[in-house]
There are 2 protein chains.
Amino acid sequence: MAQTGHRASADAASSAAEVGEAKTRILLAAERLFAEHGYSGASLRSIMAAAEVNTASIHYYFRHKEGLLRAIFEMRVAPMNEERQERLAAIEQQSGDGTPEVDAVLRAFIEPAIRRTRAQGGQAFNRISALCSVDPDPAVRQVVFDSYDTVSRHFTALLRKACPHLTDEEFYWRQHCIYGSMMYMRTDNGRVAYLLGDRGAGHSDTALQQLLVFLTAGMKAPGDGAVAGA
Amino acid sequence: MAQTGHRASADAASSAAEVGEAKTRILLAAERLFAEHGYSGASLRSIMAAAEVNTASIHYYFRHKEGLLRAIFEMRVAPMNEERQERLAAIEQQSGDGTPEVDAVLRAFIEPAIRRTRAQGGQAFNRISALCSVDPDPAVRQVVFDSYDTVSRHFTALLRKACPHLTDEEFYWRQHCIYGSMMYMRTDNGRVAYLLGDRGAGHSDTALQQLLVFLTAGMKAPGDGAVAGA
DNA sequence: GTCTATATGTGGATAGAC
DNA sequence: GTCTATCCACATATAGAC
């Protein structure tokens, strides 16, 4: 009830089921509408109507539209990134100077991003994240970059160590396949799960499983150097 | 010079280097700006300014913004789809009742889409196509759907025959990886090549090569049925 | 066919009363 | 902190003269 002065944090979602203070209602409504129509496609007016707040409140709490988007990202990405970092660090420590397992590195990075079915906004955010990651608007790209860059670098460095059979250029392009596959999976998965609610849980598991199998095989495939080995 | 009454066709790009009649200038300017800022991010005003035409001409030639987008798609996709269909049909005929090669089917579908470096608008369109394929706007999705659906179905059917080791659900999700990888590759590839001009040709070849290696490995990876074979 | 001027709608953001 | 009323920029689209 109190603490409206605090910035948007991870517990915003958990307290959502309760009475719903204005700020939380705005965040959840925005998340839903951004997922449905994209960032630029969802107007502040439609968000205000869905959240049942007045015209000025969004600017009061979030300054501007971009601030609202950023708040949503901070709310959702923080716990995801924590989990990713922990798991990546564990792999790093375990493998020492050797080459880590491709499969494990991919799973550590991807699973926390895909498996977000609880707190019903989680799946909607999957779709937002996917859409924003290819949005041409520099402001949007900046939000995405700020949210993911640190962990992504960590992931990339570790995955690179796991793929000594690839040249830098080969690795570069294959990484595109990883991000693209994740991105596409999240748009659809987000849409499906949004429509199906909790019934989408089974779908989500299969999707994750197939994604990991696919990407692992793709990264392990020999480069130009090795001809038929591996 | 004449034939301004004809609808936008494949030769619009080739005659672009000439004097440049208004309609062609609009098409090329729109292609460039849609690629740069996305469909909804590029205003008709900015397009008119770039094409050096007046406010009314776009509506005169294309009725509305969506008509302009559709004209661009028709101009670029028609030849691409022809090539795809030919190559898919060739594989189909060659393999008869047997199972076609995964590698060949993927290449037939993907190569015509990625290798579009000539007619400098080709790469810009790659990016437009990628962006629009995940655009939440129903009108945009309709344009994309109308352009690609027929050939996509053909491709899917043939690829399905090439993957008897997968269940329908496994196949469904792995297809997401294909479309996602293509999509992401095309956004970047389109951006890079747009900035680099013809110097991006080498990049384009490597990108295509790695994409095919990656996707082939991913699709060939055994499903749940087969455990360690292949 | 080509242009200028403008209609009409909607967006984000603010001022200022309560 | 909360609300109403409004500003202003910019979008698509059209009317109608030349």
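Convention: sequence-line order gives letters A, B, ...; per-chain numbering from 1.
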Residue list, side-chain contact (heavy atoms from CB on, under 4.5 Å) with B:D168, at least two apart or on another chain:
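Applying side-chain contact (heavy atoms from CB on, under 4.5 Å) to B:D168 gives B:R160.
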Report the residues that fulfil side-chain contact (heavy atoms from CB on, under 4.5 Å) with B:A130, sequence neighbours left out, ordered by chain and then residue number.
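Result, side-chain contact (heavy atoms from CB on, under 4.5 Å) vs B:A130: B:M183, B:R186, B:T187.
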Partner residues of B:R70 under the salt bridge (charged side-chain N to carboxylate O under 4.0 Å, His left out) criterion, sequence neighbours left out:
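If we apply the salt bridge (charged side-chain N to carboxylate O under 4.0 Å, His left out) test to B:R70, skipping adjacent residues, the hits are B:E66, B:D146.
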Can you tell me the distance, in whole Å, between the [atom1] atom of [X] and the [atom2] atom of [N]?
{"X": "B:L44", "N": "D:dT14", "atom1": "CG", "atom2": "P", "answer": "12 Å"}
{"X": "B:E21", "N": "C:dG1", "atom1": "CD", "atom2": "C1'", "answer": "13 Å"}
{"X": "A:I47", "N": "C:dG11", "atom1": "CD1", "atom2": "P", "answer": "11 Å"}
{"X": "A:K23", "N": "D:dG1", "atom1": "NZ", "atom2": "C1'", "answer": "13 Å"}
{"X": "A:I26", "N": "D:dG1", "atom1": "CD1", "atom2": "P", "answer": "13 Å"}
{"X": "A:D137", "N": "C:dG11", "atom1": "CG", "atom2": "P", "answer": "17 Å"}
{"X": "B:E66", "N": "D:dA11", "atom1": "CD", "atom2": "C1'", "answer": "16 Å"}
{"X": "B:R63", "N": "D:dT12", "atom1": "CZ", "atom2": "C1'", "answer": "14 Å"}

For A:F73, all residues meeting ring-ring contact (aromatic ring centres under 6.0 Å, His included), sequence neighbours excluded:
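Here the qualifying residues are A:F125.
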Can you list everything that forms a ring-ring contact (aromatic ring centres under 6.0 Å, His included) with A:F155? Sequence neighbours excluded, please.
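Listed in chain order: A:F109.
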Reading 5' to 3' through nucleotides 2-7 of chain D, protein heavy-atom contacts under 4.0 Å coded B for base, S for sugar-phosphate only, - for none:
SBBB--
Do any side-chain nitrogens or oxygens of B:S43 fall under 4.0 Å of OP1 or OP2 in D:dA11?
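Result: yes.
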Below the 4.0 Å mark, does D:dT14 have OP1 or OP2 next to a side-chain nitrogen or oxygen of B:H59?
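Indeed not, no polar side-chain atom of B:H59 lies that close.
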Flag yes if more than 12 heavy atoms outside B:E52 fall under 6.0 Å of its CD atom; otherwise flag no.
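No, the 6.0 Å shell around CD holds no more than 12 heavy atoms from other groups.
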